[in-house]
Chemist: 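The following block contains the structure, expressed as structure tokens.
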Amino acid sequence: MRKVDIAVFLSTSGHSGVDSSARLLIDGFLARGFQVDLVKIRKHGPYLDLVHLNYRCVEFKTKHTMSAIPEMVSYLKQNAPKYMLVDKDSANRVALIAKKLAKVTTKISVSSGTIMSINLQTRGWLDRQLHMISMNHIYPFAHSIITPSIDSAEDMANISTLDRSQISVVPLPIVSPETIARAMEPVDHAFFRQQDPVIISVGELSNRKNQATLIKAFAQYIQTQPAKLLILGKGREEQNYRDLIAQLNIEAHVDLVGFVKNPFAYMKRSDVFVHTALYEGFGMVLVEAMYLGIPVIASACLGGPREILQYGKMGELFPVGDHDALAKALKKTLAEPKDAETLHNSVQRYTIENSVSEYLRVMGVTD
């Protein structure tokens, strides 16, 4: 039987922030000599192309997370991993129930990266009840409960019977020297071949990411100052955003680029990065921008952005949805940008090395 030190159980879309952080975490575990299994649901992410003697991908036959309990029981009995790291409520639930049924000693650490109180408002009655049952009656059996930000930890404690002391805030692995290397790759866009400052935003085009506020603020800003706006990403709100851009008569100054494989190359060549979410469990892209030395502006929403920007010390924060305040923040940031080295140094806790050390500590991993 293959020895398994750490199993990572995930069920993702295949293109989320969880996928990228999972890749970095697993890379970090492998670099420290651990035998690692990625356990996943069929036709679900992460889709990692890792090749390593100490790495194995175990894909369950089921296509649904909640129906994976029997396969998880079998996996735990046969492989007996010393530690397991799990993310997202349904996967957390499956892992902890399966451990009880399998009667193994695996230390399971569960994690959640969202602002749960707001997230639950978007879900149906049954889903809300399952989440509350998980937090109140199943999560306490975990070795540790992990969130990426103080806001998400406090929110989980506030809406559940969990004590805040039961929840650990652990920095996600987000940046590495590879981030900078990718930022140096060539990119060809007309906005980078002219003199106007370039404002950029990266993320799913959605109501939650709220790029409409940025478009309105940008239209207001360019009434007195020249600039260009790049928005990278795809999503359901794309046509609505195109209509808004046309309505504001700013088509010549805005480009909805769509999805790009390497956003870092665009970010590195831009003058300011803007994040406008209504709420955000964390906000990985803010860390990436700051690591590249790009001045940042973010909505002061619940979640990671305020923490990442050190509550305004490392970048302007504006009230959620307030395009007037964002326009003022754009003016200030472009006139007085933060020092690139200071921004880079401020997010060192999110490097792979530091994050992996923190995860191992909270998971109770011993060499």
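Any value given below was found using the heavy atoms of this structure, including those in side chains, with hydrogens, waters and symmetry copies removed.
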Chemist: Please give me the minimum heavy-atom distance between Met66 and Arg93, naming the atom from each residue.
Modeler: SD-NH1, 3.4 Å

Chemist: Do Phe218 and Ile231 make a side-chain contact, defined as non-hydrogen atoms from C-beta onward lying under 4.5 Å apart?
Modeler: no

Chemist: Would you check if the side chain of Ser201 reaches a backbone N or O of Val274 as a donor-acceptor pair within less than 3.5 Å?
Modeler: yes

Chemist: So, does Lys99 use its side chain to make a donor-acceptor pair with the main chain of Thr106 at under 3.5 Å?
Modeler: yes

Chemist: With side chains defined as the heavy atoms from C-beta onward, is the minimum distance between Phe9 and Met72 less than 4.5 Å?
Modeler: yes

Chemist: As a quick check of understanding, evaluate side-chain contact (heavy atoms from CB on, under 4.5 Å) for Ile108 and Phe141, giving each step before the final call.
Modeler: CA-CA 9 Å; Ile108 296 180; Phe141 291 99; over 6 Å; no

Chemist: What are the two closest heavy atoms between Tyr221 and Lys331, and how far apart are they?
Modeler: CE1-CA, 3.6 Å

Chemist: With distance as the sole criterion, is a donor-acceptor pair present between the side chains of Ser165 and Asp163 under 3.5 Å?
Modeler: yes

Chemist: Tell me, with the steps shown, if Leu326 and Leu214 meet side-chain contact (heavy atoms from CB on, under 4.5 Å).
Modeler: CA-CA 7 Å; Leu326 175 52; Leu214 172 57; 4.1 Å; yes

Chemist: Could you give the distance from CZ (Phe282) to CD1 (Ile174), rounded to the nearest 0.5 Å?
Modeler: 4.0 Å

Chemist: With a 3.5 Å cut-off and no angle check, do the side chains of Asp243 and Gln239 form a donor-acceptor pair?
Modeler: yes

Chemist: Check for a donor-acceptor pair, side chain of Asp87 on one end and backbone N or O of Leu10 on the other, with a separation under 3.5 Å.
Modeler: no

Chemist: Assess the side chains of Ser144 and Ser168: does a donor N or O sit below 3.5 Å from an acceptor N or O?
Modeler: no

Chemist: If you take the centroid of each ring, where Trp contributes its six-membered ring, are Phe29 and Tyr83 closer together than 6.0 Å?
Modeler: no

Chemist: Indicate the atoms forming the closest heavy-atom contact of Ala183 with Arg269, along with that distance.
Modeler: O-NH1, 3.0 Å

Chemist: Hey, what do you get for CD1 (Ile97) to OG (Ser134), rounding to the nearest 0.5 Å?
Modeler: 7.0 Å

Chemist: Would you say the side chains of Asp89 and Tyr139 form a donor-acceptor pair under 3.5 Å?
Modeler: yes

Chemist: Give a yes or no on whether the backbone of Ile352 and the side-chain of Ser355 come within a donor-acceptor separation of less than 3.5 Å.
Modeler: no

Chemist: Taking Ser206's backbone N and O only, do any of them form a donor-acceptor pair with Tyr241's side chain (distance below 3.5 Å, no angle check)?
Modeler: yes

Chemist: With a 4.0 Å cut-off on N to O distance, would you call Arg242 and Glu238 a salt bridge?
Modeler: yes

Chemist: Is it the case that atom CD in Glu341 sees more than 12 heavy atoms from other parts of the structure closer than 6.0 Å?
Modeler: no

Chemist: Ignoring hydrogens and geometry, is there a side-chain-to-backbone donor-acceptor pair from Lys3 to Gln35 under 3.5 Å?
Modeler: no

Chemist: State whether the number of non-hydrogen atoms from other residues, nucleotides or ligands found under 6.0 Å of Glu178 atom CD is greater than 12.
Modeler: no

Chemist: For the backbone of Asn54 and the side chain of His52, can you confirm whether one donor and one acceptor N or O come within less than 3.5 Å of each other?
Modeler: yes

Chemist: Can you see which heavy atom on Ser90 is nearest to which on Thr65, and at what distance?
Modeler: OG-CG2, 3.6 Å

Chemist: If you look at every heavy atom in Gln310 and Ser346, which pair is closest and at what distance?
Modeler: NE2-CB, 3.7 Å

Chemist: Taking the side chain from Arg42 and the backbone from Lys61, do they hold a donor-acceptor pair closer than 3.5 Å?
Modeler: yes

Chemist: Give me the other members of the hydrophobic cluster that Val169 sits in, counting Ile, Leu, Val, Met, Phe, Trp and Tyr linked by side-chain heavy atoms under 4.5 Å, directly or via other members.
Modeler: Ile150, Tyr311

Chemist: Apply side-chain contact (heavy atoms from CB on, under 4.5 Å) to Ser11 and Lys88, showing your working.
Modeler: CA-CA 8 Å; Ser11 177; Lys88 298 293 178 67; over 6 Å; no

Chemist: Flag the pair Leu25 / Val356 as yes when at least one side-chain heavy-atom distance between them is below 4.5 Å, and no otherwise.
Modeler: yes

Chemist: Between atom CD1 of Ile250 and atom CG of Leu244, what is the distance when rounded to the nearest 0.5 Å?
Modeler: 7.0 Å

Chemist: Looking at Glu280 and Arg208, does any basic side-chain N land under 4.0 Å from a carboxylate oxygen?
Modeler: yes

Chemist: Any idea which heavy atoms bring Ser21 and Met284 closest together, and the distance?
Modeler: CB-CE, 4.2 Å

Chemist: Quick one: hydrophobic cluster around Phe259, which other residues, with the 4.5 Å side-chain cut-off, linked directly or via members?
Modeler: none

Chemist: Is the closest side-chain heavy-atom distance between Glu237 and Gln211 below 4.5 Å?
Modeler: no

Chemist: Could you tell me if the side chain of Ile308 sits less than 4.5 Å from the side chain of Val296, heavy atoms only?
Modeler: no

Chemist: For Asp49, is there an ion pair with Arg23 - N to carboxylate O distance below 4.0 angstrom?
Modeler: yes

Chemist: Where the side chain of Arg164 meets the backbone of Ile167, is there a donor-acceptor pair that is under 3.5 Å apart?
Modeler: yes

Chemist: Do the side chain of Asp155 and the main chain of Ser117 share a donor and acceptor less than 3.5 angstrom apart?
Modeler: yes

Chemist: Output the distance between atom NZ (Lys43) and atom NE2 (His64), rounded to the nearest 0.5 Å.
Modeler: 10.0 Å

Chemist: Roughly how far, to the nearest 0.5 Å, is CG of Asn92 from CE of Met84?
Modeler: 11.0 Å

Chemist: If you measure from the Lys or Arg side-chain nitrogens to the Asp or Glu carboxylate oxygens, is any gap between Arg361 and Glu358 under 4.0 Å?
Modeler: yes

Chemist: From the options Val187, Val202, Val198, select the one residue that forms a side chain to side chain contact (heavy atoms under 4.5 Å, CB included) with Tyr266.
Modeler: Val187

Chemist: For atom CZ of Arg193, is the number of surrounding heavy atoms from other residues, nucleotides or ligands below 6.0 Å larger than 12?
Modeler: yes

Chemist: Measuring only between side-chain heavy atoms, which start at C-beta, is His275 closer than 4.5 Å to Val285?
Modeler: yes

Chemist: Are a donor atom and an acceptor atom from the side chains of Thr276 and Asn210 found within less than 3.5 Å of each other?
Modeler: no

Chemist: Enumerate the ring-ring contact (aromatic ring centres under 6.0 Å, His included) contacts for residues 171-211, please, sequence neighbours excluded, ordered by first and then second residue.
Modeler: His189-Phe191

Chemist: Between Leu256 and Ile245, is the side-chain contact (heavy atoms from CB on, under 4.5 Å) condition met? List the steps.
Modeler: CA-CA 10 Å; Leu256 299 185; Ile245 290 165; 4.0 Å; yes

Chemist: Rounded to the nearest 0.5 Å, how far apart are CG of Leu120 and CE of Met132?
Modeler: 7.0 Å

